[in-house]
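Step one of this worksheet: look at the structure below.
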Amino acid sequence: MKDASVEPKSVATRENESTGVSRFVRACLRQPVDRTPVWLLRQAGRYMPEYMAVRKHHSLLEICKTPEIAAEVTITAAERLGVDAAIIFADLLLPFTPMGVDFEFLAGEGPVVHAPIRTLEQVQALRTDRVEDLKYVAHAIEKVARHFSAPRADGDQLGIIGFCGAPFTLASYMIEGGSSRNYIETKRMMYSDRAAWPLLMQKLVDVLVGYAAQQVEAGADVIQIFDSWVGALSVTDYREYCLEPTRELVRRVQALGVPVIYFGVDTASLLPAMRETGADVIGLDWRIPLDQGWKALGYSCAVQGNLDPITLFAPEDVLEARVREVLDAAAGRPGHIFNLGHGIVPGTPVENVIQTVKWVKEYEAR
Ligand code: CP3
């Protein structure tokens with residue numbers, strides 16, 4: 001159900017409030033741009049020596065929770081790469097803490113939730129009234145926004161991206177207790193607990209909207225919603241158990257006055273359903289040719305993507321050809337943001353990342 005009282009206002013507000021000087025925001029809204037904007041998933045990660053130097057002295061959570069350091073890491077990556085947008089350094093799982101779900105990052109294992117959420121009683125006990133505790137992310141965004149407040153040499157304003165997880169992907173970490181291959185416990189709750197699953201979805205949406213609101217108020221121009229593991233779902237299950245809460249999240253974030261990018265991996269078959277969330281931009285993974293993915297979306301939204309991140313390990317001629325292939329597939333339609341099809345992995349040669357950004361920027365100039 002569309003909420004008529006919110007929808008028209010949100011579109012009008014977004015058109016008016018977008019600065020008009022950021023090619024990244026303009027592309028999100030499918031407005032014409034002077035060249036294709038570019039940024040990269042996980043641009044501030046472990047492949048970057050500057051990040052590893054900071055990481056030597058601080059844990060991942062310390063970096064996230066110290067606005068000075070999170071802002072510095074965000075800014076350094078964006079400036080080093082010369083990209084058109086900076087994504088705030090944070091993590092998908094941060095909202096777990098105010099909800100009452102303890103977790104930690106174990107080296108080599110990723111995130112671990114020590115008491116996974118498996119019962120209705122546990123879902124009922126999740127708190128939604130402490131979103132204020134996440135304000136450190138907004139404080140980091142304020143610092144990044146202040147740093148990038150002046151237009152750059154080419155007259156363009158750098159875009160600032162806030163982000164959060166999508167209900168399914170966050171629920172999967174809560175329920176499985178960490179990363180998963182088959183999502184058995186997640187799907188077990190989804191299929192069998194008619195009370196716990198919808199309540200969990202609703203609580204996550206409420207917390208995420210409050211969290212996104214803090215980020216927008218602090219200066220985020222766009223919110224990206226990561227549904228990284230949604231590709232584990234069949235189209236039927238996505239529609240039955242996840243589409244509605246995700247659509248509500250997208251609509252309520254848009255009502256804050258910003259465009260929404262909705263991203264998942266392994267989503268070729270899900271794209272038409274993902275489009276129904278109403279997101280302004282859909283992030284495509286690299287398995288589907290960009291033009292085919294855009295077509296599956298009916299060309300009715302912007303797209304972001306979708307170079308295979310492992311191509312960054314390839315020799316220069318192969319890498320350049322693949323970058324061109326993505327840009328050629330977009331065929332100059334308004335509403336393409338160049339990115340990877342998933343995050344940069346540790347060990348990626350930094351010079352190849354920088355060169356990729358340069359090729360994208362030079363593409364239309366040639
Ligand atoms: O520039 C950036 O994009 C970095 C900011 C960022 C982090 N996490 C920091 C981080 C972002 C956007 C995220 C999002 C995130 N977190 C996702 C969605 C993105 C995706 O790839 O689909 C997910 C699934 C998580 C949860 C998470 N956090 C996992 C699974 C892991 C382990 C990953 C691994 O390779 O070990 C993390 C840890 C994490 N979050 C790291 C970083 C830079 C690496 C660990 C470290 O620095 O110690």
Side-chain angles (χ1 to χ4, degrees), residues 38-66 69-81 83 85-97 101 103-113 137 140-141 144 159-174 176-181 183 208 211 215 220 222-232 261-267 283-286 304-306 308-310 339-348 350 353 357:
V38 51
W39 70 280
L40 303 171
L41 293 166
R42 293 273 174 132
Q43 63 192 27
R46 281 170 297 179
Y47 76 102
M48 196 174 257
E50 289 87 342
Y51 174 71
M52 290 315 286
V54 175
R55 211 35 199 88
K56 235 175 161 176
H57 305 285
H58 305 279
S59 71
L60 176 61
L61 285 177
E62 264 167 28
I63 299 173
C64 292
K65 292 183 177 181
T66 314
I69 307 178
E72 182 204 311
V73 168
T74 304
I75 292 164
T76 304
E79 290 184 341
R80 177 93 200 269
L81 302 182
V83 286
I87 183 162
I88 191 62
F89 193 90
D91 195 83
L92 237 48
L93 271 56
L94 299 176
F96 284 14
T97 308
V101 178
F103 70 95
E104 62 180 321
F105 289 102
L106 296 181
E109 254 188 83
V112 177
V113 173
V137 175
I141 290 178
V144 174
I160 295 168
I161 307 170
F163 74 87
C164 64
F168 173 78
T169 291
L170 287 182
S172 82
Y173 280 108
M174 271 192 188
E176 302 295 335
S179 304
S180 177
R181 177 181 289 266
Y183 300 92
L208 296 169
Y211 179 40
Q215 298 185 54
V222 170
I223 295 289
Q224 172 148 330
I225 297 174
F226 283 94
D227 212 349
S228 305
W229 313 136
V230 72
I261 305 170
Y262 179 44
F263 167 80
V265 179
D266 233 333
T267 56
L284 299 171
D285 76 79
W286 72 94
Q304 179 173 278
N306 69 342
D308 179 350
I310 309 307
N339 206 312
L340 305 173
H342 202 185
I344 303 178
V345 304
T348 299
V350 181
V353 181
V357 172

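Each ligand, and each atom within it, is numbered from 1 in the order the structure gives.
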Open item on the list: As a test of reading the model: which residues have a non-hydrogen atom less than 4.0 Å away from ligand 1?
Closed with: Arg42, Gln43, Ala44, Arg46, Tyr51, Arg55, Leu60, Ile87, Phe89, Ala90, Asp91, Leu92, Phe105, Gly110, Pro111, Phe163, Tyr173, Phe226, Ser228, Trp229, His342

Open item on the list: Please identify which of these residues, Glu62, Lys56, Arg55, meets the side-chain hydrogen bond (donor to acceptor under 3.5 Å, both in side chains) condition with His58.
Closed with: Glu62

- [ ] Mind checking side-chain contact (heavy atoms from CB on, under 4.5 Å) for Pro111 and listing every partner two or more places apart, or none if nothing turns up?
- [x] Leu93, Phe105, Tyr173, Ser179

TODO: Measure up the Phe163 and Phe226 rings against each other and bin them: parallel (under 30°), tilted (30 to 60°), perpendicular (over 60°).
DONE: perpendicular

- [ ] Mind checking salt bridge (Lys or Arg N to Asp or Glu O under 4.0 Å) for Arg80 and listing every partner two or more places apart, or none if nothing turns up?
- [x] Glu50

Open item on the list: Tell me whether the rings of His342 and Phe263 are parallel (<30°), tilted (30 to 60°) or perpendicular (>60°).
Closed with: tilted

- [ ] Just jot down the side-chain contact (heavy atoms from CB on, under 4.5 Å) partners of Glu72, sequence neighbours excluded, or say none.
- [x] Val54, Thr76

